[in-house]
Each structure stands twice: as structure tokens, then as C-alpha cells.
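First comes the structure, then the notes that go with it.
We count ligands from 1, going down the list as the structure has it; atoms in each ligand are counted the same way.
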Amino acid sequence: MEIYLDANATTPVLAEARAAAMAAMAEDYGNPSSVHGTGLKARALMDAARARARRVLGAPTGQLLFVSGATEGIQTAVLSAMTALRERGRDRAPAPGLLLYGATEHKAVPEAIRHWCEVLQLDMAVLPIPVGTDGRHDLDWLRAHAPRAGLVCTMAVNNETGVISDLDGIAEALRGSAALWLVDSVQALGKVDLRLAQRRIDYAPFSGHKLYAPKGIGLLYVREGAPITPLLAGGGQEAALRSGTENMPGIAALGAVLAALEGGNTFQALPVLEGYRTRLSGALREAFAGIVFNAPAALSLPTTLNFSVPGVGSKLLLDLFDAAEIRVSGGSACSAANAQPSYVLEAMGLPAWRTTSAVRLSFGPAIDDASVEEACRRIRACGEALLLWQSPAQAAPARLQRLALDGACCYVVCDAASRRSVVIDPLPALTPGIVEALRSQGQQLVAVLATQPHRDHLAAAEALRAAMPGASIQAPDTLELGTQALSRLVLPGSEPGTHAYLLRDARGGCVAFVGDALAAPATPTTPALKALAEMVGPQALLLPRHDAEDRIAFTLAGAQDTGKEPATPLALVPSAALALLREHPQARLVDVREPYEQGLGQALGPLPDVGAGVQRQSVPLSGLLDALPDWLALPAETPLLFFCRSGNRSTQAAKALRRLGRANAFSLAGGLALWPRPC
Ligand code: PLP
């Protein structure tokens, strides 16, 4: 069973809200603009939901419009404010020249400001309001700029950190300013007493899906007398301020959530939520030594924990949590796909390691005690899995590892028996991880080598040698690594200082680190490659210094990648994967997740009726090179089916094998995330 702790991204829909939406579709399906009985029923439902929202938000006056969500609410508010500012400029009133937004605002706000500035051709300065290390707005800065501001946007609660803005302090800083004030209240709904009308807030957008209503319904509050320009014109719904037939199932569901808020029996009280935060942060502290929380608890909602763990990247932590079936996110969900540093934490002035490795755990106020208990148990299990993986007693180093960063490759060769290791083409950003891994595995670093005299390699080699004294930079012609031998090759016609290295094992197998001597597709055309072909033969694996396409390895046997779509699909949906295994009981089923992810709950469940022959293997992607020779030696008809958590790493593995000539390599589409669960 998954434990969903990503409530700031979205929440499940409350049972009462689902029932209300179903009723609005099946029974009370009228159009609230119709004047017959069915329409009147729909209008009554809509009026009741709006009245509840007014009570919950403290907005007895002003407009409260049903919109599709916060992004639409923000657009309407920004468009309204800017249209009014443009008019003020035309009337030759003193034009307020500044548009201010909090530096930690959700992107929807500054992007809307820029967009409407461009569309309306408004020439105004757009400035971020700085925040302190506690994540709160710099009120002195705001006070100083307020007299010249036309629009000020300050979110009520930050979505990444849970930091609650000092709305009364902001109101005080804005006293005497004619600026319009937008408060993005998305993350505050149901958690903070907003008292909108009391606070002179001009605009406040909300999204239902952040508090157990479905996606596609939201609210926009507009203060009585504040300017408003409709974003959508048409049939005149919502007093002609937001045309378009209302989303009645969404409104009904939101109404049910608001009723639950008013009723007081569905959501946990603040002290209970604070208790949950204490338990969860305690479990995190136990699990991850040195953990730091990125926002002060006293200023944050108890439902959000944002943290970083020294020496452990957010990708690793997310994989670990996901394997334990705890859903959390890295930074904010919108930027989760690309591992960018969090701009919110950057604005707070946190050090780079914390901004790039942050993880956000957020829960909704409907969470129960049992889920918190189970989450704490699994968090501790994650910590144990990580420790086990890092412990020297357990860690069996892969013989050959490839670490890639932005298309550049670094290789680590380890000999388990002699505990001697070599790093080839090191990169500065990877050195701390390499040092940590080698130390934890009790390895001695005997040499740091480069295929080219590049300054990155030199800097990284220095750092490695400083951390693990004794390693040489100038390799002898041949280096013994237990049963393996590494020798330096000077290829004809290559640049001065450029080398290739050949690694031979006791069984006669060999791989060559060839630097940039290869360009895909690899055919032995240059003198260097011809010489290499003679030395290692056409099937030897050649490992490049750059590999932007993640080919992993090349051979000189000829180009396999024609650029055409392969005849058989590479990614197989679960039913096709099962059919393949049934048809080929000799297949290999390979888990390419890292060891710390395996054994933490989710695995590929029992395989129904696929025969006993299917062999399972665990080969993390970083250690794929080690397994390549065995797989390439399998009979051509033996399929290899790779799987991982989401299908990304397994696709990389299957592609690499296809390019090396294994047409029978496949990836499980969607990975474990889409694999059918036993009921
Ligand atoms: N503002 C904040 C603070 C948010 O957290 C979000 C969503 O994550 C939005 C605005 C945008 O909301 P929506 O995507 O529902 O329109």
C-alpha cells in the first residue's frame, strides 16, 4: 500500500466530495443558468457552495468566482490589476512603476506578470521581494518600495517549505501605498485563518485539488471595489466576470470539502498535525544522520517538511522513498523532472548542496494516525537500507562502474580481492561520491588516470589524491589490480598526452577506455582505431570519455544504430512483457535499480504462468558494464527484459544493448509504477 506524502502537489479526492461530484453528474446535472427546475437545483447547489466558501475564507463581501484553479485565478487577478494600472497611466495619475512579487512565489505569479506586461505592452519594472533565511519577506525592503508599487504579490504559504507569510506585517508595510495586493492562498486553504475581507487583500486565488477536491475547480476572491477585468468573455456566467458553463461536479465536490471544513470532524486539528510533524521529523532524524530541515518549524505549517541530507542527493532519496512506497517529491513537483536547484531555497540563501538535494514531504490534514505510524516505520527502513548499502561489510564493489554527468563519463575499476582501485577520467562533481564509496568499501585508490590532459580531470585527480593519499597520477605502463591488469596504450596519430587504457581480466576478457578516439557509429577508419582493432578485436567493449546519448559502450564490430525505428518495440507494457516471458522461458529479467532500492518493499510480484526458467538478475545501471560481456555472449534468441522504478533506467539499458547488437533487449514500460499489483 502506498503512503502518499506529496499533498502540496495534489491530494486524493475526499469520499464526500466524490459522492457530491457523482450526484452532480448523475442526478442534479442541471445547468445553473437554466430557469427550469433542474437548473434551479443546480444554482441552489452552487449558491450554497459559494456561501460556505465566504464563511470559511472570511469573505462576506467582494466577488468569489468559481474558476478552473489557481493559475486561472492568478491570471485574472494580474490582468485586472495591470489593466487598471494602464488606465491610471493614461489618466496621467502618478504612475506606480513597480510590480513586486515574493522571490519564493510559485512560478504562476511572476510568469503571469511577465506575460500580461508583454501582452498589454506595459513598461513597468518587475522586481522580486527578497526573503530572509527563514523564508519570510523582507518587510523593510517592501516598506521602502511600497510607495512606488502598483501591484504586490505575496503568497500566504509557500508550497515547497510550508513557510507561512506574515500577512499582517505585509499589510502594515503596504499602509499608505496605492498598490493592489494579490495573496496566492493555494497552500493556505483549510490550514490558515485568512480573514480575507478584514485584511484589505485585493485578490486571493485557490485550487480545490490542494485540499481533497478534484482538479479543475478553484476560487478567486476579489475585494469589493478592486478592479476586475474578465479573462473569459461569453455567456455572462458569474455575473459576466467569468463566462463559461460552470464546472458543477467540481463545485459540488468543493462544496463538500468546505462543508467538511465547517463541520470540523474530517480534518485533524492543528495540535494533532503538529504532533504528526514531530513524529515524522523524529523518524527522519533517526534514519538520516546529519539531516537538516530547510525551514523553521515555528514559522511553517506542520504539514510540510523540507529537508536535505548531507552526501545524499535528492534523486537517491526519492528512489529510496519510492521503493518503500512513500510518495514524496524533490523541491516542487513542477520542477521535479529536471534536477534543478530549488529557486525557493536559493532565494532563502541556503548553500548549494541544500538547494540541489532538497526533498519535500507534505501531508494533508485528513491524514490519520495509522498512516503516520506506518510512514515513520518505512522512513526508518529507508535509513537502514541506505546504511546497509553504505556499510563496508556489505558493499561488494562492482568491478567496473561508469558514472556519467552531463554526457561526460568517469570510470571506477575495483578489484574486490586485492581491494585496489583505479579511477579513469574523474570529474570534480563526482569525486566526493567516489571517495565515500571507495572508503566505505575499504578500497585503496592506487591510480587516477586520464585519457586526455583536461583541466577538469586534473582538478578532480588532485581532490581524489588529497582525500585518498597514495594514488599515483602518472600510471606505470602496466598496473596490477589483483587478477586484472590495466595497461596504457599510445594509439598512432593521437594527440600528445592522449592515452587509451586496456583492462584485461583473468578470463581473457578486455575492455578499453578510449577517451575521445571514437565517434559514433564506431568503424575502424582512423589509424588509432585500426591499431585498436588489431589489439582488442572487433567485439571488445570500448568505453568513451563522452557519451551524450548514453550508449554505454561501443564495439568495432560495426554500427548497430541505423537511426531507424527498431523492428520490435523496445518498451513493453506489462501484458506484452508477460507474453514475452511466457514465450521465452529462458529469458533474463533484470532489475537495474540500485541495491538500496531493492528489498524495500516493491518488487516485480509473482510472475503468473511464465515457467520456472526465467532467470532474475539484479544489476544496477551504474554497474551495467560488468554484466555486458555475459549478456552479449547469450544465444541471440534469449530475451533480456530490464525493469526499474519508472522505466527510464531500464530503457537506457535496453537501448544500450540493442546498439551493441542485442535485438532481443526490452524495457518494461512504466516500470514498477505501472506493474499490476496483487489485489
Ligand atoms: N500557487 C501555489 C502556491 C501552488 O502551490 C500552485 C500549485 O502547485 C499554484 C499556485 C498553481 O495551482 P494550479 O496548478 O492548481 O493552478
Inset, instruction - Apply side-chain contact (heavy atoms from CB on, under 4.5 Å) to Ser281 and Glu286, showing your working. - result: CA-CA 9 Å; Ser281 55; Glu286 268 180 56; over 6 Å; no

Inset, instruction - For ligand 1, note which part of Ala70 has a heavy atom under 4.0 Å away: side chain, backbone, both or neither. - result: both

Legend entry - Ligand-residue contact atoms, ligand 1 with His209, heavy atoms, under 4.0 Å: 15 (O)

Legend entry - Backbone N/O of Glu325 and side chain of Arg378: donor-acceptor pair under 3.5 Å: yes

Inset, instruction - Find all atoms of ligand 1 within a distance of less than 4.0 Å from any non-hydrogen atom belonging to Thr71, and give their numbers and elements. - result: 11 (C), 12 (O), 13 (P), 14 (O), 16 (O)

Legend entry - Over 12 foreign heavy atoms within 6.0 Å of CG, Asp168: yes

Inset, instruction - Answer yes or no for Lys191 and Phe267: cation-pi contact, defined as NZ/CZ to six-membered ring centre under 6.0 Å and angle to ring axis within 45°. - result: no

Legend entry - Heteroatom distance test (Asn8, ligand 1): nitrogen or oxygen, under 3.5 angstrom: no

Inset, instruction - Spell out, as yes or no, whether a donor-acceptor pair under 3.5 Å connects the side chain of Ser300 to the backbone of Pro296. - result: yes

Inset, instruction - From the options Gln75, Gln187, Glu105, select the one whose nearest heavy atom is closest to atom 5 (O) of ligand 1. - result: Gln187

Inset, instruction - Take the angle between the ring planes of Phe293 and Phe307 and call it parallel below 30°, perpendicular above 60°, tilted in between. - result: perpendicular

Legend entry - side chain to side chain donor-acceptor pair (under 3.5 Å) evaluation trace for Ser308 with Trp353: CA-CA 8 Å; Ser308 305; Trp353 77 266; over 6 Å; no

Inset, instruction - Below 4.0 angstrom from a heavy atom of Asn159, which ligand 1 atoms are there? Numbered from 1 as shown, please. - result: 3 (C), 5 (O)

Legend entry - Sub-4.0 Å atoms of ligand 1 with respect to non-hydrogen atoms of Ser207: 12 (O), 13 (P), 15 (O), 16 (O)

Inset, instruction - Please work out whether any backbone atom (N, CA, C, O) or any side-chain heavy atom from C-beta onward of Glu72 is under 4.0 Å from ligand 1, and answer side chain, backbone, both or neither. - result: neither

Legend entry - Which segment of Met155 sits under 4.0 Å of ligand 1 when only heavy atoms are counted: side chain

